[in-house]
Amino acid sequence: MNSYQQNIRNFCIIAHIDHGKSTLADRIIENTGLVSHREMKEQFLDNMDLERERGITIKLQTTRLSYKAKDGNEYIFNLIDTPGHVDFTYEVSRSLAACEGAILIVDATQGVEAQTLANVYLALDENLEILPVINKIDLPSARPEDAIKEIEEVIGIEAHDAPLISAKEGIGIDELLEYIVNRVPAPKGDPEGKLKALIFDSYYDNYRGVVVYTRVFDGSIKKGDIIRLMNTKKKYEVTEVGVYSPGPVPVSKLSAGEVGYICASIKQVSDARVGDTITLDNDPASEVLPGYKKVQPMVYCGIYPAEGEKYENVRDALEKLQVNDAAFLFEPETSTALGFGFRCGFLGLLHMEIIVERLEREFDLGIITTSPSVIYKVVLNDGTEEMIQNPSNLPSPTMIDHIEEPIVKADIMIPKEYVGSIMELCQERRGKMLNMEYITENRVSLHYEMPLNEVIYDFFDALKSKTRGYGSLDYEFIRYQKSNLVKLDILLNKELVDAFSMIVHESNAYSRGRFVCEKLKEIIPPHQFEVPIQAAIGQKVIARETVKAYRKDVLAKCYGGDISRKRKLLEKQKEGKKRMRQFGSVEVPQEAFTAVLKYDDNK
Amino acid sequence: MGLYIHIPFCMKKCNYCDFLSFVGVPQEQSDAYFQTLLQEIDYFSEDYRNIYYVDTVFIGGGTPSLIDSSYISKLMDAVRTGFEVDKNAEISIETNPKTVTKDKLKEYLNLGINRLSMGAQSCDDELLRYLGRVHTTDDFIKNYISARECGFKNINIDLIFGIPGQTLAVWKYTLNQVIGLCPEHISFYSLQLEEGTKFYSMLQKGTLTETDEKLDRSMYSYAIKLLSKSGYVHYEISNAAKNGYQCRHNLKYWSMEDYLGLGLGAHSFIEGTRFSNVISLEQYVNIGKEYKYKQKKMTDESISPFSCWQHHNTKEDNISDYLITVMRKTQGIQFDDFKNRFGIGLEQLYGNVLRKYQNQGLIEISADRVYFTEKGMDLANIFLAEFV
């Protein structure tokens, strides 16, 4: 080991959502003296507003800190924050690969969660040193002993000396910093070897192009180097090398064991894919770093400009988002009902919700999103296969031999009192139980095989709502499987509205059809005529509701010449009409599209 | 110019009523209120008496008949002193059967009040109780006869239909009873459940079920037919009158003519400016007491020290106001009148909209005017919302 490497500690923090990861990162930054408390925004590392609001981290941020330890030495901490959601497993695994150690936060009031476990396994896969930490010990309901026991029993790692901390109150942080120095191994690697650096994140900067976060394993990289990305096989000249502390600070070079960023006039993030290996073009490494994979979207939906919104505005915004998000795909598509729009691919439901929300809030766009769909493998009679991600594109049933759908392995952790209701939920969602294990006396882990199509249909919300928020979920794709699927169409006033079409399992078609009809009946306002709402499979109507015609919409009285009152009422009426979307002769409020997807507790 | 004077006092708040009125106001407060009304008249008279000719007066409420007639007397004196009142002016007062006596009626006539508006609402005592009215059908009929005996030649009866629990048969009975009395004018309002009323909170608690729209509309349609058969002209969505007895004051609201509203919360429309008065009794009285309004006049941007809101209509506002008010009249909008007022044809401005709703059967377009069909009167807001 080279001497400079002895004082470097590369680590990340892994935790379940809400277990205090970002708060702990804030405290670490604060206690190492980089940023004073006064200057700090809450949750320093989560710098997207959306992240701060939801309390989750979507995009990785890396910070270099300097810490003077009790042994008198000055240490460099590279704190690599990781996203904490099931949709971003691959990104998490690549950030983990950039570290030697991982702080595992376990909430003293909640114990080990599915997501914690999933991340720990990822960290163990990368041979990281796991440093368990018990957080939120200030809360009256904290049970640190139980949490330690759970870590030891469930994960199987030593936890008796885990620091007991409260990130929120700043308790135990100093001990934690010493613990990091002593427990996280210093990086190894040959600074004189051939360059091998891992891309673990990237983002787009208006002035510098794509900024690539990298961990150098061997060799070194400096300004002016011609680099080669070994998987995408692209070449660039390095224009800047630096570290974040917390803003970008250029340095002369990054050597083996160090973490920092490089700029190389890369146009979009999809050219600098997470997991790729950077080497020197004139002196390349012989093999790539392991673990690279091109991420594939798992969930698709249509995004359309709402009434009064321009197609071009939506396209421009999607392009801007894509520049920064290699996992997000989109292409133009047309819907008879909604006109010109885009089919968009996402890693999962959360990823989709985030993109949609950013379009609405950051870009201030009015958009309509259609039912999310997975990718179906459709095998035709002649043996050819088609991958279908838009229900409207499903070939005619007479041409189809069979349809296959993606199946995931779902790991669900819940307090034991909810086992019954969650097993029921999984069964409703066509889950096949693999096994069930008691993690502790009170907590159970359920393992299911489940169609992804059922998971994306608001399964997570249902799980949360049935377990009062205590349930957690992790899932991964395992295979395609033949299934009895049908296309469910919705007709308004006898006309098919393609944007409502969905592919469902035959056994669920009836209840889903009835649910959508009932929801639409609540949402579609009365018209001057009766509006029949029908759910149909092919020509067969399986559910029907009717929006009664309204017969009266008039102010009986004008109040002593008070025209402003009447005007206000009419204005409100007009405003409501603006949010409507015209389908044939029927006006549908835009919220109808999301409302039919929402899990209904009273169902 | 029309003059509206608001008397915000009632014996009891009706369950459907969200008008500005107070119950159980102490004598000294109502004294102060009338005192302030006189000040407000005084304030406007200086500027208005030489410009405007008052040809309608409407004393509304609240329940003006609740008040001792000496107050109404002082009020009318002030009106005649402060403004140029046409000798043929239509002067109306709203009354509640329970509160009217023969003496009051005689006094009203003496004051030149020549039109009586009676809040009968229904001829079914059970429904009257449900509405929270203080009178009975008997009170109303006795009162009506007294008014005739005293010499009132122009009487309006207010009715409400679409009351929860009211059947079509009960409505028919009420209408026939009232028509049998031969009033000159009948108003028939479909019950609106307004926020802040007892009925509204009952609706939210689930103890009141709104009348089915279909039933409400058959009541309305029955009323229009019966009234027409009985010699009444249906001239506004909720109003019918014998020939020559249309309410000239209310017609000003529906023809974009000037009116000045006096008193608490009253609304005015004078030469393209809308303004409305404060709605707190205390505040209103204090303005009268403390405000040296006469000196203030020339330096203040606001039209009246008693108002809390004003808006100078743009041409677009005027067109919009015109459309949403004038269409309430069954004869609708005369193309000529529109063009004379605004210098542009309605067809030119809104041709597409007119055709759209003509096709939907909401309006009829003839050579000289556009007006609501019967269906259009049921769904008027759909059409009118196009113009705000």
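Order of the sequence lines fixes the chain letters, A, B, ..., with proteins taken first and strands second; residue numbering starts at 1 for each chain.
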- Item | Beyond-backbone contact of Tyr322(B) with Ile333(B), side-chain heavy atoms, under 4.5 angstrom | yes
- Item | Gln427(A) atom CD, neighbour heavy-atom count above 12 within 6.0 Å | no
- Message: Surrounding CZ of Phe340(A) (heavy atoms of other residues, nucleotides or ligands, distance under 6.0 Å), is the total greater than 12?
- Response: no
What part of [X] is in contact with chain A, defined as an atom under 4.5 angstrom from a non-hydrogen atom: side chain, backbone, both or neither?
X: Asp321(B); result: both
X: Ser190(B); result: both
X: Tyr259(B); result: side chain
X: Asp317(B); result: backbone
X: Leu191(B); result: backbone
X: Ser187(B); result: neither

- Salt-bridge criterion met for Asp55(B) and Lys252(B) (N-O under 4.0 Å): yes
Let's test your reading of the structure: which of [options] forms the most heavy-atom pairs below 4.5 Å with chain A?
options: Asp378(B), Ile324(B), Leu384(B); result: Asp378(B)
options: Asn250(B), Asn239(B), Asp216(B), Leu362(B); result: Asp216(B)
options: Ile237(B), Asn381(B), Ile382(B), Val388(B); result: Asn381(B)

- Item | Listed partners of Gln360(B) passing side-chain hydrogen bond (donor to acceptor under 3.5 Å, both in side chains), at least two apart |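 Per chain and number, Gln360(B) pairs via side-chain hydrogen bond (donor to acceptor under 3.5 Å, both in side chains) with Gln528(A).
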- Message: Please tell me whether Tyr350(B) and Phe387(B) form a close aromatic pair, meaning their ring centres lie under 6.0 Å apart.
- Response: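 Close enough - the centres of the two rings lie under 6.0 Å apart.
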- Query: Which value, rounded to the nearest 0.5 Å, describes the distance between Leu37(B) atom CG and Phe306(B) atom CZ?
  - Reply: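 The CG atom of Leu37(B) sits 9.0 Å away from the CZ atom of Phe306(B).
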